[in-house]
Amino acid sequence: MEINMRMKERVIVKYNPKYYDIHGVYTKDEWTDFSDVGREFEGKRLSIEEYLVVENNFIAFVRECVELVGCKYLTIDWNWWNGDKKSYRDSIKSNCKLDPNFDEAEYLALFNEIETKSRVSIPKSIYLFRLMLRYSLGISLSNRKRKIKLYMGYEYYLHFFTCIDSEVLSEKARKYNLYLV
């Protein structure tokens with residue numbers, strides 16, 4: 001494995017590149033958000049189980065990359081709540097209604113504990129990342145020493161800044177049915 005000393009931004013997606021047209025527009029009708037669970041796409045209703053397969057693939061990918069660079073913690077660099085924590089708490093509660101495995105008390109306790117510039121362990125970071133995937137928490141996580149940073153953009157695009165070689169990163173993404181674009 002090769003790790004460069006300079007971080008580069010990569011974007012990791014669930015969207016198969018073969019479905020982009022020559023203008024870069026994605027042509028398949030696919031879900032883009034946790035709130036799409038229960039909606040129909042190309043004649044098929046998205047179930048929570050199908051959603052969780054993709055979400056868990058993103059989590060496994062991030063966990064593997066964080067382990068690869070030797071992170072013991074991640075730092076919360078910024079958040080989007082700007083004092084409106086109630087809407088984020090409400091979003092977490094609505095997640096619990098759709099996902100029977102989602103432990104509301106555990107997530108709300110973690111949510112109450114975090115503040116900008118606070119360090120969180122990797123297991124707690126994974127909980128936070130799940131909330132990021134569900135757009136229930138708008139934060140950026142990083143470890144400057146290990147040269148890694150990530151945040152979720154719209155439509156399930158993971159913005160991933162790292163020194164991990166592109167080929168290694170692409171291989172890890174493919175392992176989890178994800179794509180480096």
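Closest of all the heavy-atom pairs between Gly38 and Arg45 is O-NH1, 2.5 Å. The two residues Ile148 and Met7 have their closest heavy-atom pair at N-SD, 3.7 Å. Minimum heavy-atom separation, Arg10 to Leu180: CB-CD1, 3.3 Å. Contact record, Tyr176 with Ala60: CE2-CB, 3.3 Å, taken as the closest heavy-atom pair. Here the shortest heavy-atom pairing between Arg146 and Gly70 reads NE-O, 3.4 Å. Between Met152 and Phe129 the shortest heavy-atom distance is SD-CE1, 4.1 Å.
Under the 4.5 Å side-chain criterion, counting only non-hydrogen atoms from C-beta, Asn143 is not in contact with Val69. Inter-residue side-chain proximity for Leu169 and Asp165 is flagged as unmet; no heavy-atom pair is nearer than 4.5 Å. Contact check for Ile59 versus Arg130: side-chain heavy atoms found under the 4.5 Å cut-off. Residues Asp33 and Glu155 form no side-chain contact, since every pair of their non-hydrogen atoms from C-beta on lies 4.5 Å or further apart. No side-chain heavy atom of Leu74 sits less than 4.5 Å from a side-chain heavy atom of Arg119.
Once rounded to the nearest 0.5 Å, the distance linking CD of Glu40 with NZ of Lys44 reads 11.0 Å. From Ile164, atom CD1 reaches atom CG of Leu68 across 4.5 Å, with rounding to the nearest 0.5 Å. How far OH of Tyr127 is from CD1 of Ile122: 14.0 Å, rounded to the nearest 0.5 Å. The OG atom of Ser140 lies 8.0 Å from the CZ atom of Phe161; values are rounded to the nearest 0.5 Å. How far CG of Leu128 is from CG of Leu137: 6.0 Å, rounded to the nearest 0.5 Å. In this structure, NZ in Lys147 is found 12.5 Å from SG in Cys71, a value given to the nearest 0.5 Å.
Among the candidates Tyr15, Tyr51, Phe41, the single residue satisfying the ring pair (Phe, Tyr, Trp, His ring centres under 6.0 Å) test with Trp31 is Tyr51. Checked options Leu133, Ile48, Leu46; the residue passing with Phe34 is Ile48 (criterion: side chain to side chain contact (heavy atoms under 4.5 Å, CB included)).
Applying the ring-ring contact (aromatic ring centres under 6.0 Å, His included) test to Tyr179 and every residue at least two apart in sequence or in another chain returns nothing. Under the side chain to side chain contact (heavy atoms under 4.5 Å, CB included) criterion, Lys72 pairs with no residue, sequence neighbours left out. For Glu42, there are no side-chain hydrogen bond (donor to acceptor under 3.5 Å, both in side chains) partners two or more places apart in sequence or in a different chain. Looking at residues two or more places apart in sequence or on another chain, you find a side chain to side chain contact (heavy atoms under 4.5 Å, CB included) between Tyr19 and Asn16, Tyr26, Thr27, Lys28.
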| message | What verdict does the side-chain contact (heavy atoms from CB on, under 4.5 Å) test give for Asp77 and Lys149, after you've listed the backbone C-alpha separation in whole Å, the side-chain angles of each residue and the deciding distance to 0.1 Å? | response | CA-CA 9 Å; Asp77 290 322; Lys149 178 178 181 172; 4.1 Å; yes

From CA spacing to verdict: side-chain contact (heavy atoms from CB on, under 4.5 Å), Arg144, Thr75: CA-CA 9 Å; Arg144 293 177 198 265; Thr75 300; over 6 Å; no

Next on the checklist: Under the criterion side-chain contact (heavy atoms from CB on, under 4.5 Å), I'd like the reasoning laid out for Arg63 against Val66: C-alpha separation, chi angles, the key distance, then a yes or no.
Outcome noted: CA-CA 5 Å; Arg63 185 178 305 206; Val66 167; 5.8 Å; no

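Applying the ring pair (Phe, Tyr, Trp, His ring centres under 6.0 Å) test to pairs two or more places apart or on separate chains, those with a residue in residues 52-74 are Phe58-Tyr156, Phe61-Phe160. Residue pairs meeting the salt bridge (Lys or Arg N to Asp or Glu O under 4.0 Å) criterion with at least one member in residues 11-26, sequence neighbours excluded: Lys14-Glu30.
Ser170 places no side-chain N or O within donor-acceptor distance of the main-chain N or O of Ser166, the cut-off being under 3.5 Å.
Residue-environment remark: CD (Glu50) exceeds the threshold of 12 foreign heavy atoms within 6.0 Å.
Under the 4.5 Å side-chain heavy-atom criterion for ILVMFWY residues, no single connected hydrophobic cluster contains both Val13 and Val53.
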